[in-house]
Amino acid sequence: MDQPTGQAYRPPDLVLEAPAKINWYLEVIRRREDGYHELETVMSTLRWADELRFWRRADQELRLHVVEQPGLHLNLSNGPDNLVIRSLQKLREQANISGGMDVLLMKRLPLQAGLGGGSSDAATTLRAANHLWNLNWDNEQLEVVASQVGSDVPFFIRGGSALCLGRGEQIISLPGPTGVPCLVICPNFGLSTPAVFKHVDLQQPRWNREAFLTAFNGKSLLRVTQRMANRLQSAAEAINPRIALIHNTVAKTKPLVTQMTGSGSCVFAFFRTQREAQRAGAWLSAQLRDCRFVVTETVSRRNQIGNHRSKNQADERSRRSPEGIL
Ligand code: C5P
């Protein structure tokens, strides 16, 4: 794979993964004056990720090249509206520097899916640029810039599991259950986050965040699954009833739990073993022909900076899929 400039090949200066997330718990507290919603949400990153390759440039250009996994049909912009470019611009502004960068984004995560793919790409870009432009900012400083790029972006600076408050940008890291086998079901349509938030019913009795957190910090995954909930799910189902149909079909495979992630459109299910998740995915692929299925698991912390892979390793990695796509 050539670097985006079309110059003679030079190995990337840094290769990082930008993982997907799922929301274990998402409660909407109120609508705010600024149009955002006050949230209480607990998220974890998954072992399923986009990959980004970075090359420092001697000039001030910021260039993005996107390569989509076959079958995704995202037609992602590589212009200034892409969160990767926006993150680089914001960081340059705030750090008062003028560095340039080439970025190659190997896109695997679907859009408008509730997986945070775009936000994760943005956070990964901030971490990479922080390193390659020798800023040496700490996570707290990066999270401030991240929150200006998008509500979900600060969470991905650290990854792992966290309670996110405010509009989602206030992060409290949690240990969280890791290695939980997870089947992600991706419909062939996306959902607009603002549209889903507009449909949310704020009159419902509030769920008990402390009860969820007590379970989440305990040892029983079963107890956690009993307290899981997503306030945006009924709003998404009102926009597209297919979400409810997918959810009900997934429930037939007897997972520990199944729920929509974020503002949708993806639904996920936890299982006791990877094998059970694989088996459920195989059965579901015959029932839900318009969906894509990915077997993965929750992870503790993402690959941190310094886990720089050489060009050969990067190529090897992109040949084999880290997640089991059914
Ligand atoms: O912050 P971000 O740009 O990702 O948010 C996209 C849209 O999602 C916002 O413009 C808003 O309509 C909605 N949103 C919200 N409350 C949040 C986060 C997002 O209403 N906490």
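Remember, it's a predicted structure, so these values are computed and weren't measured experimentally. Both counts, for ligands and for their atoms, begin at 1 and track the order of listing.
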Check each atom of ligand 1 against the heavy atoms of His37 and keep those under 4.0 Å away; list them by number with element.
15 (C), 16 (N), 17 (C), 20 (O), 21 (N)
Output for pair (Gln94 CD, Leu135 CG), nearest 0.5 Å, gives 11.0 Å
Look at atom CZ of Arg32 and say whether more than 12 heavy atoms of other residues, nucleotides or ligands are closer to it than 6.0 Å.
yes
Between Asn82 and Ser77, a side-chain donor and acceptor under 3.5 Å:
no
Proximal ligand 1 atoms for Leu39, defined as those under 4.0 Å from one of its heavy atoms:
21 (N)
Run the ring pair (Phe, Tyr, Trp, His ring centres under 6.0 Å) check on Trp24 and Phe268 step by step: do they pass?
CA-CA 10 Å; Trp24 298 78; Phe268 67 96; 7.5 Å; no
Part of Tyr36 with heavy atoms under 4.0 Å of ligand 1, whether side chain, backbone, both or neither
both
For atom CD of Glu93, decide whether the heavy atoms of other residues, nucleotides or ligands shown that lie under 6.0 angstrom number more than 12.
yes
Under 4.0 Å between a side-chain nitrogen and a carboxylate oxygen: does that hold for Arg53 and Asp102?
no
Judged by heavy atoms only, the candidate from Ser151, Pro194, Gly262 nearest atom 2 (P) of ligand 1 is Ser151
Run the numbers for me: atoms of ligand 1, each under 4.0 Å from some heavy atom of Arg167, listed by number.
1 (O), 17 (C), 18 (C), 21 (N)
Any idea which protein heavy atom is nearest atom 13 (C) of ligand 1, and the distance to it?
Phe197 CD1, 3.7 Å
Counting both backbone and side chain atoms, is some N or O of Thr193 under 3.5 Å from an N or O of ligand 1?
no
Does the protein put a heavy atom less than 4.0 Å from atom 6 (C) of ligand 1?
no
Gln259 side chain to Ala229 main-chain N or O, any donor-acceptor pair under 3.5 Å?
yes
Is Asp152 close to ligand 1, meaning an N/O of one under 3.5 Å from an N/O of the other?
no
Number the atoms of ligand 1 from 1 as they appear, then name those within less than 4.0 Å of a heavy atom of Gly35, with their elements.
20 (O)
